[in-house]
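When reading the values below, keep in mind they use all heavy atoms of this one structure, side chains included, and skip hydrogens, waters and symmetry mates.
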Amino acid sequence: MSDVRTKATLCKQQTTYLAAVPEEQKNEALKQVAGALEEQKGHILAANEEDVQEGRAGGVSAALLDRLTLTEARLNEMAAGLMSLRELPDPIGAAIDGWQLENGLRVEKVRVPLGVIGMIYEARPNVTIDAFGLGLKTGNAMLLRGSSSAIQSNKALLAAIHTGLRRADLAEECIQLVEDTAREAVAEMLTLSELIDVIVPRGSAAFIQRVIAESRVPVLETGAGVCHTYIDRAADAAMAEQIVLNAKTDRPGVCNALETLLVHEGWAEVDDRLTTLLSTLASRGVIVRGCARTRAFAPNVSAAEAADWDREYLDHILAVKIVADLDEAISHIDKHGTKHSECIVTDDIETAESFLRRVDAACVYHNASTRFTDGFQFGFGAEMGISTQKLHARGPMGLKELTSYKYVLRGTGQIRGGGVTSC
């Protein structure tokens with residue numbers, strides 16, 4: 001068997017075992033892995049530095065290098081995420097619903113693991129730890145395939161995970177890393193429908209669409225983040241500037257960062273608000289590509305091309321368009337958005353509520369940065385990704401989103417078409 005199939009088979013063999021692991025043992029494993037991250041941080045950071053240096057030599061953008069880079073602070077955040085998962089209720093076996101039929105048969109709907117989750121992701125080694133933690137807590141075996149750009153980091157992180165699992169007396173086989181970074185390894189994973197229950201891709205829009213098109217395994221789509229912020233006529237200028245700067249410049253290389261700014265013409269024309277905002281963005285290193293009306297407020301802004309409205313830049317680049325009203329803003333989002341995260345800045349509650357109701361996205365915001373679309377920020381401890389589809393999950397995918405359910409029926413001898421048999 002190929003390495004991919006071998007590791008997928010090992011994961012599959014762990015599913016019935018994992019589904020019955022007690023919550024206390026899973027929580028102990030999370031604690032032990034968090035401790036192993038601290039103990040092995042020197043090795044992990046050295047491995048990550050190899051990946052970063054190779055990426056820099058290969059001309060990787062600054063924003064993508066930021067996604068790839070691990071620091072002591074980020075390792076601490078990853079460990080804290082594992083510890084926070086310990087505090088969350090174990091969803092496995094929890095009753096979602098329950099009732100009793102007229103014949104006395106008791107029906108209960110309970111949460112169960114999905115089984116084997118195949119995680120295919122690019123550049124971000126923190127996903128290795130997030131996927132492990134969420135997978136373990138939900139009783140899922142994890143088959144991970146990171147990109148070549150983070151292979152040394154992922155191998156070092158897996159070593160820490162295995163250390164923690166051994167200390168908690170849990171099988172290391174429940175999480176596997178495909179170390180083959182060739183394109184063919186991904187292609188093979190997408191065919192293993194008898195071994196893998198669901199594929200979760202994280203990466204560029206083109207990469208995700210490739211997975212959806214080629215996979216024989218059900219895909220939980222984590223879409224691209226062409227996220228918009230709409231500054232309404234009634235927006236507070238200081239608040240609007242604060243939200244836009246945070247959404248664009250805090251970490252531009254992540255999927256919840258702002259990519260297109262829409263500005264009500266009435267707001268733009270008052271007190272040079274738009275000129276001031278564009279100047280501030282430029283001072284933060286943001287390159288602006290604007291419509292013709294935007295360029296009238298700042299002649300140094302380059303002209304936006306038609307394709308710019310659909311680009312997920314993941315960089316210090318922002319598309320800006322002036323719109324006539326809320327309807328035009330929503331129409332633009334409907335046409336160019338990716339159903340990830342959309343924001344309106346306004347002091348008009350009626351306008352805000354209209355935006356929140358009408359915009360079709362996983363997360364819609366009023367007067368807050370789109371950077372909050374994050375499982376950790378939502379209180380999920382971590383996330384498997386941001387789902388932009390409507391089945392089977394939407395938005396940040398935490399513990400509950402990594403479960404399915406089954407019906408458990410308890411009787412006293414009931415038979416179909418009859419009553420109850422005697423003992």
- prompt: Where do Gln14 and Gln176 land on the side chain to side chain contact (heavy atoms under 4.5 Å, CB included) test, with the steps shown first?
  reply: CA-CA 11 Å; Gln14 297 300 313; Gln176 299 287 326; over 6 Å; no
message: Would you call the rings of Trp309 and His336 parallel, tilted or perpendicular, taking 30° and 60° as the class edges?
response: tilted
task: Using the six-membered ring wherever Trp is involved, compare the ring planes of His228 and His332 and label them parallel, tilted or perpendicular (cut-offs 30° and 60°).
output: perpendicular
Under a 3.5 Å distance rule, please check whether [X] uses its side chain to pair with a backbone N or O of [Y] as donor and acceptor.
| X | Y | result |
| --- | --- | --- |
| Glu383 | Gly375 | yes |
| Thr163 | Ala159 | yes |
| Thr388 | Lys339 | no |
| Arg216 | Ser193 | no |
| His264 | Ala324 | yes |
| Lys26 | Asp90 | no |
| Gln389 | Glu221 | yes |
| Glu108 | Ala95 | no |
| Asp130 | Ala382 | no |
| Arg410 | Leu105 | no |

- prompt: Run the side chain to side chain contact (heavy atoms under 4.5 Å, CB included) check on Leu277 and Val320 step by step: do they pass?
  reply: CA-CA 11 Å; Leu277 177 56; Val320 180; over 6 Å; no
Taking all atoms of both residues into account, what is the closest heavy-atom pair of [X] and [Y], and its distance?
| X | Y | value |
| --- | --- | --- |
| Tyr230 | Asp325 | OH-C, 3.6 Å |
| Ser149 | Ala123 | OG-CA, 3.6 Å |
| Leu245 | Thr249 | O-OG1, 2.5 Å |
| Gly164 | Ala36 | N-CB, 4.4 Å |
| Ala171 | Tyr17 | N-OH, 3.4 Å |
| Val52 | Thr69 | CG2-OG1, 3.7 Å |

I'd like to know if [X] pairs up with [Y] as an ion pair, taking the criterion as any Lys NZ or Arg NE/NH1/NH2 lying under 4.0 Å from an Asp or Glu carboxylate oxygen.
| X | Y | value |
| --- | --- | --- |
| Arg358 | Glu342 | no |
| Lys335 | Asp310 | no |
| Arg166 | Glu172 | yes |
| Glu39 | Arg167 | yes |
| Arg74 | Asp66 | yes |
| Arg5 | Glu194 | yes |
| Lys7 | Glu173 | no |

How about [X] and [Y]: do any of their side-chain heavy atoms sit closer than 4.5 Å?
| X | Y | answer |
| --- | --- | --- |
| Glu350 | Ser354 | no |
| Leu402 | Ile117 | yes |
| Thr138 | Lys400 | no |
| Lys248 | Glu259 | yes |
| Ile208 | Ile212 | yes |
| Leu144 | Val178 | no |
| Tyr313 | Arg289 | yes |
| Cys255 | Glu312 | yes |

Hey, could you give me the [atom1]/[atom2] distance between [X] and [Y], rounded to the nearest 0.5 Å?
| X | Y | atom1 | atom2 | result |
| --- | --- | --- | --- | --- |
| Cys291 | Ile322 | SG | CD1 | 5.0 Å |
| Asn126 | Arg67 | CG | CZ | 9.0 Å |
| Ile151 | Leu177 | CD1 | CG | 5.0 Å |
| Leu88 | Asn27 | CG | CG | 9.0 Å |
| Ile129 | Leu82 | CD1 | CG | 6.0 Å |
| Thr351 | Leu356 | OG1 | CG | 10.5 Å |

Polar contact flag, side-chain donor to acceptor under 3.5 angstrom, [X]-[Y]:
| X | Y | result |
| --- | --- | --- |
| Ser341 | Thr370 | no |
| Ser387 | Glu401 | no |
| Ser153 | Asp51 | yes |
| Asn256 | Thr373 | no |

task: Start with the C-alpha gap between Val263 and Thr294, add the side-chain angles, then the distance that decides, and say whether side chain to side chain contact (heavy atoms under 4.5 Å, CB included) holds.
output: CA-CA 9 Å; Val263 183; Thr294 299; over 6 Å; no
Hey, is [atom1] on [X] packed in by over 12 heavy atoms from elsewhere, all under 6.0 Å?
| X | atom1 | answer |
| --- | --- | --- |
| Glu265 | CD | yes |
| Phe207 | CZ | yes |
| Leu391 | CG | no |

message: Before you tell me yes or no, could you show the steps for Asp232 and Thr346 under side chain to side chain donor-acceptor pair (under 3.5 Å), namely the whole-Å CA-CA distance, both residues' side-chain angles and the distance that decides it to 0.1 Å?
response: CA-CA 5 Å; Asp232 181 53; Thr346 185; 2.7 Å; yes
- request: Could you go through the side chain to side chain contact (heavy atoms under 4.5 Å, CB included) check for Leu192 and Val116 one step at a time?
  value: CA-CA 11 Å; Leu192 300 180; Val116 177; over 6 Å; no
message: Run Arg394 and Asp360 through salt bridge (charged side-chain N to carboxylate O under 4.0 Å, His left out) and show every step you take.
response: CA-CA 12 Å; Arg394 199 176 200 196; Asp360 182 16; 2.6 Å; yes
